[in-house]
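Take a look at the structure below.
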Amino acid sequence: MPLAPQRADVPVTIDESKCIDGCTLCVDMCPLDSLAIDDSTGKAYMHVDECWYCGPCAARCPTGAVTVNMPYLLR
């Protein structure tokens, strides 16, 4: 069985193909500091599984790389 390229159960996912190396806009917008930049790739990722689903990280991303996976009950 093939492995998924990234976890789908985390509140925020980042499409690495769209993420700009060294851009920190989503990281800077997160009030919980849940996002970080991977030193080896320069791409953003969610380093803790805590999220308020507030959305500024996705709204601020200039390429649409950030997706907030809103739980069904909060939609």
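The structure displayed is predicted, hence computed values, not measured ones. Throughout, residue positions are numbered sequentially from 1 according to the sequence presented.
The SG atom of Cys61 sits 7.0 Å away from the CD1 atom of Ile20 when rounded to the nearest 0.5 Å. Taken to the nearest 0.5 Å, the CE atom of Met46 stands 9.0 Å off from the CG atom of Asn69. Taken to the nearest 0.5 Å, the CZ atom of Arg60 stands 8.0 Å off from the SG atom of Cys23.
When all heavy atoms are compared, the tightest approach of Val66 to Cys57 is CG1-SG, 3.8 Å. Shortest non-hydrogen contact noted between Val27 and Leu35 is CG1-O, 3.6 Å. Closest heavy-atom contact between Ala65 and Cys19: CB-N, 3.7 Å. Closest non-hydrogen pair, Tyr53 versus Val68, comes out as CD2-CG1, 3.8 Å. Between Tyr45 and Ile14, the closest heavy-atom pair is CA-CD1, 4.0 Å.
Side-chain contact between Asp21 and Lys43 is present, with heavy atoms from C-beta onward closer than 4.5 Å. Using a 4.5 Å heavy-atom cutoff, the side chains of Pro31 and Cys54 are in contact.
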What verdict does the side chain to side chain contact (heavy atoms under 4.5 Å, CB included) test give for Asp15 and Thr67, after you've listed the backbone C-alpha separation in whole Å, the side-chain angles of each residue and the deciding distance to 0.1 Å? CA-CA 8 Å; Asp15 182 343; Thr67 302; over 6 Å; no

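Counting only distance, with no hydrogens or angles, the side chain of His47 and the backbone of Ile37 share no donor-acceptor pair below 3.5 Å. At least one donor-acceptor pair under 3.5 Å links the side chain of Ser34 to the backbone N or O of Glu50.
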